[in-house]
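We count ligands from 1, going down the list as the structure has it; atoms in each ligand are counted the same way. Index from 1, following the sequence.
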Amino acid sequence: MICSICLNGCQPVLRLKSRPDEVWREAGNRKSNIDINSLAGEYKMKPLRGKALLNDPVQNKSTAFTREERERYGLQGLLPYSVTDIGKQQQRVLANLRSKNSNIEKYGYLNDLLERNQRLFYRTLIDYIGEIMPLVYTPTVGEACMKFTQIFRKPQGFYITPEDRGKILPLFENWPENDVRIIVVTDGERILGLGDLGANGMGIPIGKMALYVACAGIRPEYCMPVMLDVGTSNQILREDPLYLGYPRPRLTGQDYLSLVEEFVAAVQNKFPQALIQFEDFSSQNAFRLLDRYAGSVRCFNDDIQGTAAVTLAGIYASCRITHKPFVDLKIMLLGTGSAATGVAELLLSAFMMAGLSEAEARSRISFVDRQGLVVTVREEIKPRVRSFASEHAAMDFVGAITAIRPDVLIGATGTAGAFDEIAIRQMARCQEHPVIIALSNPTSHTECTADQAYRWSDGRAVFASGSPFAPVTLDGRTRYPAQGNNVYIYPGIGLGMVASHARLVVEHMFLATAEELANCVLPEEIERGSIYPEIARVRDVSQKIAVKVCQVARQEGLAGVDLPDDLETYVYTLMYEPGY
Ligand SMILES: NC(=O)C1=CN([C@@H]2O[C@H](COP(=O)(O)OP(=O)(O)OC[C@H]3O[C@@H](n4cnc5c(N)ncnc54)[C@H](OP(=O)(O)O)[C@@H]3O)[C@@H](O)[C@H]2O)C=CC1
Ligand SMILES: CC(=O)C(=O)O
Ligand SMILES: [Mg+2]
């Protein structure tokens with residue numbers, strides 16, 4: 001069997017265990033008596049002493065260094081007397097975090113923690129994921145991107161600009177790791193629902209990477225956030241004296257595509273095992289790049305494919321609440337961008353897999369844009385949306401709800417209030433339990449809030465949203481909105497790709513993982529109206545998603561290693577578990 005880590009003929013288990021944190025895990029997961037520096041040479045970790053050791057975020061344990069370690073590494077006098085464990089350190093982190101007045105201050109504090117003590121940061125993120133995820137991801141990451149120029153402290157990730165043309169490969173030598181497995185890359189043109197934020201969008205790959213580590217146990221050193229800073233169309237940013245990005249109008253056309261081409265080629269050359277996740281590109285470029293690379297490069301687009309899988313999963317799970325067969329559903333999408341189109345295309349495959357003809361399947365899916373229902377008689381329709389156009393006469397959004405009576409309404413507009421009271425009330429007139437999925441992020445751009453969805457449907461809606469909402473109590477009964485976010489899918493896809501060394505990411509992976517995610521929703525979660533698992537279980541979910549990816553990779557002959565029969569254990573052993 002080929003080792004999944006080095007792709008050589010070495011003994012996989014031994015190789016795995018020879019990495020420091022696997023040794024820690026085997027030693028009882030949280031034991032603090034493992035000597036980091038004795039392993040350092042073997043892992044290319046510099047043997048550090050004194051202040052240099054305390055200043056290294058990867059090796060630093062701060063007050064958790066034992067007396068013996070303090071003596072051995074010249075730390076005596078540099079730390080207060082007390083030796084604490086990671087649990088006590090976490091309590092201090094939480095107290096500090098909770099004392100901050102705003103989410104953006106909390107974001108800054110957590111970023112500083114990551115720069116001080118990587119293991120403590122990830123351990124705390126994992127153990128308190130429900131509380132901390134909204135601070136490192138949506139919605140706070142949206143605010144952080146908006147304020148990037150003001151809050152910038154220390155560079156993270158890798159920046160590429162048009163001035164690097166012809167030099168991207170040699171520049172990758174500057175990255176501190178040689179073995180990169182996951183790259184999240186954005187060009188900053190469509191950051192959440194916030195539009196073109198240029199280089200300020202770097203917060204997104206950084207946040208997505210943090211969740212790769214926390215939600216799927218991808219080792220931090222395998223992760224590389226990348227900003228393809230090709231300029232920005234956002235004039236206010238370009239003219240901001242504090243703007244840190246390439247202050248030119250956005251590169252377009254062949255100049256843009258050739259820079260992306262050089263980037264992809266350089267990744268394949270320098271980091272041949274890396275999976276490229278395209279994130280928050282404009283719709284046009286998102287599809288263009290996916291069409292160009294998906295058939296030959298290990299890559300996927302999270303906004304198109306990850307979102308599609310998570311939404312399909314939510315639709316599957318909703319059937320357990322509404323007691324309707326999936327094949328009978330009618331689904332309406334508001335918005336015709338990357339996310340909505342990705343959902344429609346995966347839904348089409350799912351309907352056909354469930355036995356519908358292509359024509360029948362297409363007839364179950366309808367699109368609404370700013371002009372109203374997308375209908376065949378319209379002259380200008382986006383090419384990927386055209387085949388979903390309805391045979392109806394032209395009509396507005398509410399007219400379309402009335403005429404089509406969709407079971408499920410999905411918003412991917414980036415526009416706050418796009419689901420207004422009239423639309424939700426009309427959905428509630430048409431369905432006993434209308435399923436409303438407001439995908440748009442951050443919270444300030446959601447199509448409707450949880451409170452609105454429940455109130456306007458007299459408490460009957462089944463609701464999920466891209467950013468989290470607190471439970472809502474209405475008429476004495478509490479409703480539990482779920483978070484419909486691709487965070488339930490992309491980390492597991494990455495882990496499955498790392499585990500299987502699959503050559504390509506294929507549609508079957510998204511279909512299989514959507515089913516798996518829906519199966520992960522517990523009966524008690526269904527009982528209380530949630531169509532996604534509680535976020536606290538996201539790490540278990542990602543492991544299951546990764547197993548599905550491995551299965552598909554094996555079935556389709558895409559795996560780059562001989563995968564063992566017991567995929568659950570195999571995937572689990574690959575997951576990074578931070579501790580001392
Ligand atoms: N929950 C999740 O996991 C995910 C959520 N998202 C969110 O989805 C949103 C959209 O993302 P994406 O599809 O990539 O963005 P795009 O810019 O590609 O698409 C947005 C679409 O919405 C349309 N639109 C905007 N306002 C309205 C409106 N009032 N009525 C009808 N259509 C409207 C736009 O039309 P026009 O072109 O005419 O402006 C465009 O077609 C973002 O907020 C993003 O954060 C995205 C991915 C994952
Ligand atoms: C979640 C996500 O990927 C987005 O809002 O773009
Ligand atoms: Mg995105």
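Within the 4.0 Å heavy-atom shell around ligand 2 one does not find T138.
D280 contributes atom OD1 as its closest N/O/S atom to the Mg ion (ligand 3). When the Mg ion (ligand 3) is compared with the N/O/S atoms of E279, atom OE2 turns out nearest. Looking only at its N/O/S atoms, D303 has OD1 as the one nearest to the Mg ion (ligand 3).
Any N or O atom pair closer than 3.5 Å counts here, and A339 shares at least one such pair with ligand 1. Residue A340 has no N or O atom closer than 3.5 Å to an N or O atom of ligand 1. Ligand 2 has a nitrogen or oxygen under 3.5 angstrom from a nitrogen or oxygen of E279. At least one N or O atom of G484, backbone or side chain, sits closer than 3.5 Å to an N or O atom of ligand 1.
For the side chain to side chain contact (heavy atoms under 4.5 Å, CB included) test with M497, the passing option among I182, L275, I218 is L275; the others fail.
Proximity to L192 (heavy-atom distance under 4.0 Å) selects the following atoms of ligand 2: 4 (C), 5 (O), 6 (O). Set against the non-hydrogen atoms of K208, the atoms of ligand 2 under 4.0 Å away are 1 (C), 2 (C), 3 (O). Below 4.0 Å from some heavy atom of T415 lie the following atoms of ligand 1, by number and element: 25 (C), 26 (N), 27 (C), 29 (N). Annotation for ligand 1: atoms under 4.0 Å from non-hydrogen atoms of G414 are 9 (C), 43 (O).
In this structure, the side chain of N441 engages the main chain of S467 through a donor-acceptor pair within 3.5 Å. Between the side chain of T513 and the backbone N or O of F510, at least one donor-acceptor pair lies under 3.5 Å. Proximity of a side-chain donor or acceptor of R238 to a complementary backbone N or O of T232 within less than 3.5 Å is detected.
Within the 4.0 Å heavy-atom criterion, the part of D280 lying near ligand 2 is the side chain and not the backbone. If you look at F281 next to ligand 2, there are no close heavy atoms at all, none under 4.0 Å. Using a 4.0 Å cut-off between heavy atoms, K382 contacts ligand 1 through its side chain alone, with no backbone atom that close. Counting heavy atoms under 4.0 Å from ligand 1, residue T307 touches it through the side chain alone. Contacts between L439 and ligand 2 below 4.0 angstrom, taking non-hydrogen atoms only, are absent altogether. The side chain of L334, and not its backbone, has at least one atom closer than 4.0 Å to an atom of ligand 1 (non-hydrogen atoms only; side chain from C-beta on). Of all the heavy atoms of N485, the ones lying under 4.0 Å from any atom of ligand 2 belong exclusively to the side chain.
Counting heavy atoms from C-beta outward, K544 and R537 have side chains that stay 4.5 Å or more apart.
Checked against the 6.0 Å centroid threshold, F326 and Y316 count as a close aromatic pair. Aromatic ring centroids of Y159 and Y246 lie 6.0 Å or more apart.
Which of E279, E447, R370, R190 comes nearest to atom 17 (O) of ligand 1 through a heavy atom is settled by distance: it is R190. Of the candidates V487, D302, T413, the one placing a heavy atom closest to atom 32 (N) of ligand 1 is T413.
Rounding to the nearest 0.5 Å places CE of M575 at 5.5 Å from CD of Q543.
One finds no salt bridge joining R190 and D196 here, because no Lys/Arg side-chain nitrogen approaches an Asp/Glu carboxylate oxygen to under 4.0 Å.
Protein heavy atom at the shortest distance from atom 5 (O) of ligand 2 is N441 ND2, 2.8 Å.
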